[in-house]
Amino acid sequence: HMQYERVGADVTMKCGSMDWDAAVTWTANGTDIDESHLNGSYLILKNVDLTQSGQYSCYEGSSWHLKYQTYLRVGTPPKEPVLMCRSNNYPKGFYCSWHLPTPTYIPNSFNISVIHGTKEMICEKDAVPKNRCHIRYLQLFSTVKYKVTLTVTNALGKNFTTLTFDEVAIVKPDPPESVVAKPVPNNPRRLEVSWQNPSSWPDPESFPLKFFLRYRPLILDQWQHVELSDGTSHTITDAYAGKEYIIQVAAKDNDIGTWSDWSVAVHATPWTEEPKHLTTEAQITETTSASTSSFMAPPTTKICDKGAMVGS
Amino acid sequence: KNLKCVTHNLHKMTCTWDVSSRRRHGQTDICYTTNDFPPLVCFKTKEKKVEIPVPDSSTTMTITTNSISGTAFATKEFEIHKKDVLFVPVTPRILSLTPDFSTSTINLKWSDNGSVFPNGLDAFWQIQILRKETMEKVTEVTYYSKLTHEDVILSWNWTSDMPLECTSHYVKIRCYINVTQFVGLKDWSDWSPIGVIPGKDADPSGSGVFPLDTVVAVGSDVTFCCVHEEDQNITTMSYGSKSYPMIQLSSRSYAIRVLNASASDTSGTNVVCRLNNGMMDGTVLFVGYAPDIPQDISCETPNFLTIKCTWKPGRPSGLYGKRRTKYSLFERKSGKNVSCEVNEMNRERICGFPVLADQKTYDFILGVSNPIGQTESSLLVDLTQRVHPKTPEKLTVSGSNSTSIHLRWFINGSFTEIRLLCQIEISSGHSERKLHNISMPGGKFSSYTAQLNALHPYTKYQFRVRCSAADHFWKWSDWSRVEEHTTSEA
Amino acid sequence: MAGADSPSTALRRRDLCTRGIRLVGKMRSDVIDLLDTYVERQGLDASASVAAVEGVPPAAVERWDEQTGTQRLLENLAAYRAFRALLAQMLEEQREQLGEAGAALGRALAAVLLQVSAFTYHLEELLRLESRSPPSEEGDGPPPRPPLSLFEQKLRGLGVLRELAQWALRSARDLRQLAKPSPGTGSAPGLAESP
């Protein structure tokens with residue numbers, strides 16, 4: 001028998017059918033409970049906290065017959081869940097994912113409803129990750145808004161949140177893939193950058209992406225940016241000679257939605273002149289390495305400062 | 001017992017009584033005499049009421065109640081004095097109840113049944129307007145009239161503080177006639193059967209926001225209502241960008257009250273009713289000003305073909321498009337009326353009126369109106385005193401000899417009724433500009449000429465000309481274009 | 001079903017599609033600007049949801065990717081002809097309601113109307129390229145409807161512009177579909193066979 005109680009609640013347990021004045025013994029997870037917690041045969045737990053979750057048993061005084069047993073789960077009702085919906089494979093469909101802002105310490109069940117105009121759409125739960133499901137677009141180019149309502153329920157309460165959005169507003173591609181940056185021989189100020197459309201983007205021909213490239217020498221903090229309306233490569237022509245650069249790319253549908261997160265950062269150093277007096281073996285090695293720039297905050301819609309490019 | 005006599009027309013009265021015994025009884029024998037008419041009048045009746053003439057002073061009536069078998073078992077004699085008779089006018093009947101939704105006005109018509117009464121009696125009509133499902137009294141008015149011994153149809157208008165569509169309006173009326181010469185008791189009539197103006201909330205498919213696309217003056221208090229269909233309900237009602245507390249009128253109608261409305265934008269202020277299914281209904285209110293009296297009205301003619309009147313509109317009305325302030329020029333003597341095409345965005349207004357044959361003076365009334373109000377301004381004009389010629393055109397200069405030249409120019413218009421005064425400006429090099437005035441009879445679409453002498457030979461001159469009315473100067477025309485000419489060598 | 005394309009037809013179609021995509025892209029940005037102006041001038045709430053407005057062609061379409069090229073062109077053409085009439089009506093209503101005070105909005109509306117007309121002609125051109133004469137326009141006009149209240153007119157205007165913005169999106173995608181080279185033949189698919 002499972003019993004759920006809120007943190008801070010006062011809990012009273014009766015020893016099954018035993019009278020109030022019957023002699024009993026209460027244990028918590030097998031450990032006797034001090035008499036001070038008893039009121040007759042009733043067990044009184046004041047202002048319970050998480051640590052008091054556990055198995056509570058009541059035995060008849062003389063015969064040690066088990067008269068009552070319960071598993072107490074102390075937790076909280078769910079707060080308003082955080083819901084996010086996004087289409088990274090437009091125009092195929094979109095997915096919604098959710099989480100609770102704070103843990104409840106007890107099991108929660110989630111129910112999601114997706115309404116488009118008057119139609120209810122099916123949100124197919126993904127095996128992994130658990131708190132996520134995806135919806136296939138039945139209609140494209142609709143001006144009717146989508147309304148997604150997520151309801152979370154547990155033994156101690158219920159909460160919900162609702163998102164209303166236009167089809168175009170949630171389009172956000174995945175970052176570009178296979179970003180490569182290479183020096184250009186005999187060009188000390190050039191770097192050649194290339195990348196590929198995110199593989200999750202199903203039809204780049206009819207739904208072309210545009211890209212946003214940012215790069216800076218490691219020694220500086222200020223990024224330089226360039227927007228590219230087509231093509232998946234670009235040559236940086238104003239690099240500081242000999243300085244190692246960090247380069248990232250973001251993508252956006254040509255007409256709608258918002259910019260993707262930045263791609264994985266790549267590093268490259270422009271080609272440098274071979275120093276004359278050194279032996280011929282000194283080689284200029286091509287340094288291309290990929291590292292996740294953990295310190296980079298994922299771009300919001302407003303990617304950069306002056307001359308900002310705001311996702312339309 | 002409890003014999004009561006009521007008259008509705010001062011001639012006949014209906015007397016009613018109760019029978020105290022519980023025994024079942026048959027017919028009743030009635031006998032009465034009025035000391036005005038000695039013979040006894042008797043008859044039988046099954047009812048406990050009887051209609052007999054109203055006595056001038058008193059009537060004696062004997063009422064005998066018989067058993068089912070016809071044997072009398074109770075007899076009583078009553079002395080009915082005129083002063084005990086109660087006069088209650090006939091219950092008035094509403095002849096017509098007509099709504100005017102555009103003005104939220106109800107027109108009530110009823111007959112005063114005056115023919116029943118002598119001439120000149122004062123009649124008081126109490127009219128009640130009720131609303132909502134709870135029949136809440138909205139207003140009660142006492143209307144006075146004088147009876148004229150004829151049945152006169154009386155009419156009364158009432159303007160509601162809310163659109164009539166919002167909810168059903170109920171009307172009832174009763175009257176009191178001050179029969180001065182009747183010594184008996186007097187009382188109000190019964191209320192008439194209720195008349196109803198059904199609101200949209202009484203119509204199963206009725207819905208909407210009211211009043212629909214109306215215009216009111218700045219500072220007005222306006223009540224809006226939203227009527228929704230059965231299966232919906234209202235979440236909010238807003239005026240402009242502000243939500244207002246809702247007043248329930250009925251299960252399907254809610255109202256908001258906007259006080260002291262301020263001027264609306266050009267496209268009006270939206271009143272939006274949001275429903276729980278996410279949909280919206282609404283109306284638009286235009287809040288503006290009545291037109292100001294036109295200021296600085298002035299009329300002149302450039303060519304004796306048309307008259308051009310201008311004026312300053314005063315405070316903008318804030319109403320545009322088909323609700324804009326409209327102007328018309330009415331000329332009293334000829335009776336001719338012209339509506340003016342006016343661009344409401346311009347500060348100054350202008351309107352053209354044709355010059356009429358053989359008419360020198362014009363008595364203009366400039367009429368101004370918009371949906372909120374109207375006004376006018378008048379002006380008496382003697383056209384010959386308001387000539388503002390067009391700019392002289394095609395100025396040409398030809399040299400006669402080294403010290404004189406010949407000027408020719410054209411003025412568009414017909415000035416045969418006046419003499420023209422033209423001014424020629426002569427300038428050359430650094431010397432001072434000279435003005436030369438010349439007057440000539442006005443012509444009809446004609447050219448004019450002038451000769452200038454005493455010029456310096458072999459000198460480059462610039463000439464330009466402007467004209468006005470010679471008698472009763474009003475305004476110079478604009479200067480013509482400058483024309484250059486060099487006098488020949490001596 | 002159109003036979004295999006001649007290279008010149010394919011080139012001509014590709015050119016028309018490319019120019020059409022640019023035209024409809026410009027129109028969409030103008031419509032979005034106009035929407036902002038319209039919402040502000042009409043005192044409407046930008047987030048207001050507007051029920052499907054009778055007579056306004058919905059851009060929403062099911063199984064968009066399965067449409068043939070001809071279907072795309074015909075549906076586009078019917079829609080933009082309807083928008084041409086709707087925008088003209090809106091322009092007339094603006095003049096009647098706002099007069100000179102609505103001149104700026106009127107000019108913006110007229111500019112979009114011009115682009116809709118141009119794109120309509122462009123679609124007819126594409127259809128003619130496939131030796132298909134565009135359907136005639138008689139009786140195409142919207143059926144006479146009871147006069148709308150001013151607020152309904154405002155909402156319908158909002159609905160028209162929103163739907164037009166979505167149509168501009170759809171048209172760009174349609175044209176990109178039409179411009180796609182057929183697999184293997186290196187030329188754009190015959191209209192009927194477009195995937």
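Throughout, protein chains are lettered first and strands after them, A, B, ... in sequence-line order, and every chain is numbered starting at 1.
Evaluation of the ring-ring contact (aromatic ring centres under 6.0 Å, His included) rule for A:Tyr215 yields no partner, not counting sequence neighbours.
When the shell of 6.0 Å around CZ of A:Phe160 is examined, it contains 12 or fewer heavy atoms from other residues, nucleotides or ligands. In this structure, A:Ile122 places its CD1 atom where only 12 or fewer heavy-atom neighbours from other residues, nucleotides or ligands lie under 6.0 Å away.
Taking every heavy atom of both residues into account, A:Phe141 and C:Val61 meet most closely at CD1-CG1, 3.8 Å.
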I'd like a table of the N/O donor-acceptor pairs between chain A and chain C - cut-off under 3.5 Å, distance only.
residue, atom, partner, partner atom, Å
A:Lys119, NZ, C:Glu62, OE2, 2.9
A:Leu140, N, C:Val61, O, 2.8
A:Leu140, O, C:Val61, N, 3.0
A:Phe141, O, C:Ala60, N, 3.2
A:Phe141, O, C:Gln166, NE2, 3.3
A:Ser142, O, C:Gln166, NE2, 3.1
A:Thr143, OG1, C:Glu163, OE1, 2.8
A:Asp203, OD1, C:Lys180, NZ, 3.2
A:Asp203, OD2, C:Lys180, NZ, 3.1
A:Ser206, O, C:Arg176, NH1, 3.3
A:Ser206, OG, C:Gln177, OE1, 2.6
A:Ser206, OG, C:Lys180, NZ, 3.4
A:Asp253, OD1, C:Arg173, NH1, 3.3
A:Asp253, OD1, C:Arg173, NH2, 3.4
A:Asp253, OD2, C:Arg173, NH2, 3.0
A:Asp255, O, C:Arg28, NH1, 3.1

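For chain C, the nearby part of A:Val168 is the side chain; its heavy atoms alone come within less than 4.5 Å.
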